[in-house]
Protein chains: 2
Amino acid sequence: MALRLNRAPARHDAPALPLDTILIGDCVAELEKLPSASVDLIFADPPYNLQLQGDLRRPDQSLVDAVDDSWDQFESFQAYDAFTRAWLMAVRRVLKPTGTMWVIGSYHNIFRVGTVLQDLGYWVLNDVVWRKTNPMPNFRGRRFTNAHETLIWAAKSADAKGYTFNYEALKAGNEDLQPRSDWLIPICSGGERLKGDDGKKVHPTQKPEALLARVLLSSSKPGDVVLDPFFGSGTTGAVAKRLGRHFIGVERDRDYAAAARARIDAVEPEAADAIVQAPAKREAPRVAFATLVERGLVRPGAKLVDARRRYEATVRADGTLAFGSVIGSIHRIGALAQGADACNGWSFWHVEDARGLTSIDAFRDAVRAEGV
Amino acid sequence: MALRLNRAPARHDAPALPLDTILIGDCVAELEKLPSASVDLIFADPPYNLQLQGDLRRPDQSLVDAVDDSWDQFESFQAYDAFTRAWLMAVRRVLKPTGTMWVIGSYHNIFRVGTVLQDLGYWVLNDVVWRKTNPMPNFRGRRFTNAHETLIWAAKSADAKGYTFNYEALKAGNEDLQPRSDWLIPICSGGERLKGDDGKKVHPTQKPEALLARVLLSSSKPGDVVLDPFFGSGTTGAVAKRLGRHFIGVERDRDYAAAARARIDAVEPEAADAIVQAPAKREAPRVAFATLVERGLVRPGAKLVDARRRYEATVRADGTLAFGSVIGSIHRIGALAQGADACNGWSFWHVEDARGLTSIDAFRDAVRAEGV
DNA sequence: CCGTATTCTGAATCTCCTG
DNA sequence: ACAGGAGATTCAGAATACG
């Protein structure tokens with residue numbers, strides 16, 4: 001039995017569609033009550049099936065607050081696939097033929113999700129990468145920092161035409177460059193992060209509003225109906241309301257649903273003419289020395305010297321420097337050579353050729369000039 | 001029947017492994033001839049199963065040279081999955097227990113590949129995003145510009161330990177920041193792109209050498225054996241040779257194999273000092289704290305303190321520490337002092353003298369410099 | 001009150017050798 | 001195989017504390 005947390009007025013033109021409502025219950029069961037082909041956009045943030053083992057501690061021994069909630073536990077890949085198949089079928093029935101769907105996930109689950117949705121006849125339009133400016137580091141140094149999550153954007157079927165893609169607006173909001181499949185957005189923190197009375201986060205995986213804004217602005221129109229079958233803390237609803245879209249959320253957990261309802265009630269819709277794309281965060285123009293080597297601007301085996309040619313180091317293929325038997329970054333080796341505590345390797349080291357000394361900083365500028 | 005394009009001298013220590021060789025034939029059949037658990041790293045760039053529908057034209061009506069080769073055509077997802085399963089099983093047998101595998105793909109195939117490899121027992125370590133500085137634009141304006149491809153980095157099994165990850169060198173080459181899962185690398189073009197006598201590209205999906213360099217530098221050591229079951233234009237082989245790794249390539253198409261062979265023969269390996277393995281701290285020879293006491297670097301009876309002088313312990317002649325009435329290793333006592341359950345005593349404890357605090361790790365470095 | 005320093009935290013599949 | 005212990009390991013940003 002679903003309990004509805006509804007604040008929307010009754011609508012006579014679409015009586016069966018519980019607009020701007022959070023349906024409390026299992027999403028497959030709740031979606032069966034909705035009419036077919038009735039929503040314009042789906043955003044789904046399903047459980048990731050993280051399969052965490054033991055505790056993880058930071059180098060300072062503090063404990064990482066893991067996502068160990070029961071809703072993220074599955075017995076096997078098979079069980080996860082069955083779950084995935086069920087909800088993907090349920091939302092597909094409700095999706096208009098011209099509608100599209102977004103799903104977000106990590107490497108733990110996204111391959112399963114992508115495979116199942118292809119098998120069900122969805123047609124992938126893009127995979128989009130959410131690059132995090134501030135991901136949690138890899139504390140043990142045994143893998144690459146997991147600095148992104150993946151979104152799949154899919155149409156209802158291969159022959160679906162007429163889906164919404166606000167190409168011109170996106171391009172205009174992106175310095176007249178085509179919108180790309182890699183998005184740089186910070187994680188949800190600070191004032192945006194919902195906290196309980198105890199000061200603890202309400203939901204372990206709250207998504208940033210900037211991410212949802214990019215989704216809704218790119219693939220929906222004002223007045224469209226956006227369905228989120230894993231509503232959680234209600235980011236989809238909050239952004240939908242702010243941007244003049246309707247939402248339907250489904251959430252099993254009453255506490256999450258209540259927090260989401262309160263959050264959404266506090267949202268002020270933006271004036272229609274103010275609804276434009278949030279400006280993209282400027283890309284940090286950070287260039288690593290390894291990039292110069294990779295791009296062939298500095299050759300492995302080349303000798304670097306300081307401005308007065310007192311010290312010499314050898315460039316290695318991995319973008320480190322060798323100074324005697326010591327290997328390290330341009331900064332650390334620069335400091336070591338001088339006997340200093342710290343050194344800006346970019347200004348310290350130079351390449352010598354027929355024309356004389358060239359600062360490696362000049363090569364970095366060349367990389368930046370090419371658009372990083 | 002496989003025809004080998006071999007330029008490597010015979011090796012008596014590994015007679016069954018055709019090092020630095022391109023095996024011509026189907027990869028599953030060819031891999032059956034190789035011994036089990038014999039290669040250190042796999043890089044695979046399988047067909048993407050692109051499912052192109054009709055010609056793609058640019059706004060000026062010029063035709064885009066699409067990947068429509070017969071090797072990229074599969075009748076169904078089912079056929080593609082069967083193909084994927086077959087080659088993933090074949091390479092897994094050949095992979096050492098400590099080895100890892102990279103697979104690259106796009107949204108057309110990467111979900112299938114990821115699902116199958118998880119089902120086969122591979123353990124995903126990371127998914128890595130290759131962001132292209134210069135992707136092909138989306139000419140229709142109906143999707144996001146496909147500006148990235150996805151790589152999956154996986155170990156042979158969930159319990160596989162001891163795989164190679166050159167964390168410290170990668171960090172040093174990246175402004176002393178740990179390496180992330182998003183890589184920015186230009187596509188292969190210009191002089192690097194192999195062209196035939198007719199000026200046309202030899203292979204439709206030639207990968208940039210910078211991408212392979214990052215793969216090999218991060219997850220292999222000099223002298224390792226790298227297997228590429230879809231050798232194509234031989235980028236893996238060219239980079240392996242340049243960086244002092246051995247390669248084994250498998251390629252069905254004789255023309256591709258011949259072009260790859262010629263390309264690799266022209267490669268000059270980097271100088272040894274540009275590619276020797278950087279010593280990692282965790283691989284440095286172990287030094288017992290007792291050795292420091294034995295060698296007179298730390299005096300029995302000396303007081304050790306933490307960096308903020310909050311705790312104090314006494315050095316004993318046998319290399320243990322006394323903290324109140326408790327006696328134990330530098331690590332145990334460090335943990336006890338802080339009330340933590342673990343502690344790296346080497347970085348925690350310091351000796352105080354007229355010049356201030358000196359970490360006992362500095363004395364350990366001195367011992368190592370003397371040759372343990 | 002302000003500027004600086006410290007602390008806290010985030011969708012995380014996070015070690016390896018010896019006995 | 002399993003237990004125990006040595007010893008390795010973090011970045012950005014916000015919040016809080018301090019001087």
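Protein chains get the first letters and strands the later ones, always in sequence-line order, with residue 1 at the start of each.
Test A:W102, A:F43, A:W183 against A:W153 for ring-ring contact (aromatic ring centres under 6.0 Å, His included) and you get one pass: A:W102.
Nucleotide D:dT10 holds its C1' atom 14 Å from the CD atom of B:E168, rounded to whole Å. Per the geometry, NZ belonging to A:K195 stands 8 Å off P belonging to D:dT16, to the nearest Å. One can place CZ of A:R131 at 15 Å from C1' of D:dC11, the figure rounded to the nearest angstrom. Atom CH2 of A:W130 is separated from atom P of C:dG10 by 13 Å (rounded to the nearest Å). The distance between atom CZ of B:F348 and atom C1' of D:dA6, rounded to the nearest whole Å, is 16 Å. Rounding to whole angstrom units, NE2 of residue A:H148 and P of C:dA12 are separated by 13 Å. Atom NZ in A:K200 sits roughly 14 Å away from atom P in C:dC8 (whole-Å rounding). The distance from atom CD of B:E175 to atom P of D:dC11 is 12 Å, rounded to the nearest whole Å.
Within 4.0 Å of B:I330, counting heavy atoms only, lies no atom of the nucleic acid at all. Contacts of A:T205 with the nucleic acid, taken as non-hydrogen atoms under 4.0 Å apart, include base atoms. Residue-level contact check: A:G191 touches the backbone only, with heavy atoms under 4.0 Å from sugar-phosphate atoms and none from bases. Among the protein residues, A:P208 comes within range of no part of the nucleic acid, since none of its heavy atoms lies under 4.0 Å from any strand. Nucleic acid contact class of B:S329 (heavy atoms, under 4.0 Å, all strands): sugar-phosphate only.
Here B:D365 does not pair with B:K281 in a salt bridge; the nearest charged N to carboxylate O distance is not below 4.0 Å. Using a 4.0 Å cut-off between charged nitrogen and carboxylate oxygen, B:D182 and B:R180 count as a salt-bridge pair. Salt-bridge formation is not detected for the pair B:D306/B:R308: no Lys NZ or Arg NE/NH1/NH2 atom is positioned less than 4.0 Å from an Asp or Glu carboxylate oxygen. Under a 4.0 Å N-O distance rule, the pair A:R286/B:E175 does not qualify as a salt bridge. Checked for salt-bridge contact, B:E149 and B:R131 miss the test: no charged N lies under 4.0 Å from a carboxylate O.
Closest to the B:W346 side chain, of the nucleotides D:dC11, C:dA11, D:dA8, is D:dA8. When distances run from any side-chain atom of B:N344 to the nucleotides D:dT9, D:dA12, C:dA11, the shortest one goes to D:dT9.
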- Message: Dot-bracket for DNA chain C, please. Rules: Watson-Crick or G-U, both distances under 3.5 Å, ( ) within the strand, [ ] when a pair crosses earlier ones, | for another strand, . otherwise.
- Response: .|||||||||....|||||

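Between the side chains of A:R193 and A:S189, not a single donor N or O lies within less than 3.5 Å of an accepting N or O. Under 3.5 Å, the side chains of A:R143 and B:S181 contain no donor-acceptor pair of N or O atoms.
Rounded to the nearest Å, the gap between the P atom of D:dG7 and that of C:dC14 is 23 Å. Between the C1' atoms of D:dT10 and C:dT6, the separation comes to 16 Å (whole Å). Remark: the separation of the P atoms in D:dA8 and C:dT13 is 23 Å, to the nearest Å. Distance noted for atom C1' between C:dC1 and D:dT16: 16 Å (whole Å).
Judged by a 6.0 Å distance limit and a 45° cone about the ring axis, A:R57 is not positioned over the six-membered ring of A:F139. Cation-pi geometry between A:R112 and A:F77 is satisfied (NZ or CZ under 6.0 Å from the ring centre, within 45° of the ring normal). Cation-pi geometry between A:R142 and B:Y163 is met: the NZ or CZ atom falls under 6.0 Å from the ring centre, inside 45° of the normal.
Taking side-chain N and O atoms only, B:H331 has a distance below 4.0 Å to OP1 or OP2 of D:dG7. Between B:R364 and D:dA8, a side-chain N or O to OP1/OP2 separation shorter than 4.0 Å is present. A:K201 has a side-chain polar atom (N or O) that falls below the 4.0 Å cut-off from OP1 or OP2 of C:dG10.
For A:K207 against C:dA11, a side-chain-to-base donor-acceptor contact under 3.5 Å is present. Under 3.5 Å, the side chain of A:R58 and the base of C:dG10 form at least one donor-acceptor pair of N or O atoms.
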- Which parts of nucleotides 13-19 of chain C does protein reach within less than 4.0 Å, heavy atoms only, written one letter per nucleotide 5' to 3' as B for base, S for sugar-phosphate only and - for none? BBSS---

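In C:dT13 the base sits syn relative to the sugar, since the glycosidic angle is no further than 90° from 0.
With DNA chain D read from its 5' end, the first of the two nearest nucleotides for A:G190 and B:Q178 is the one closest to B:Q178.
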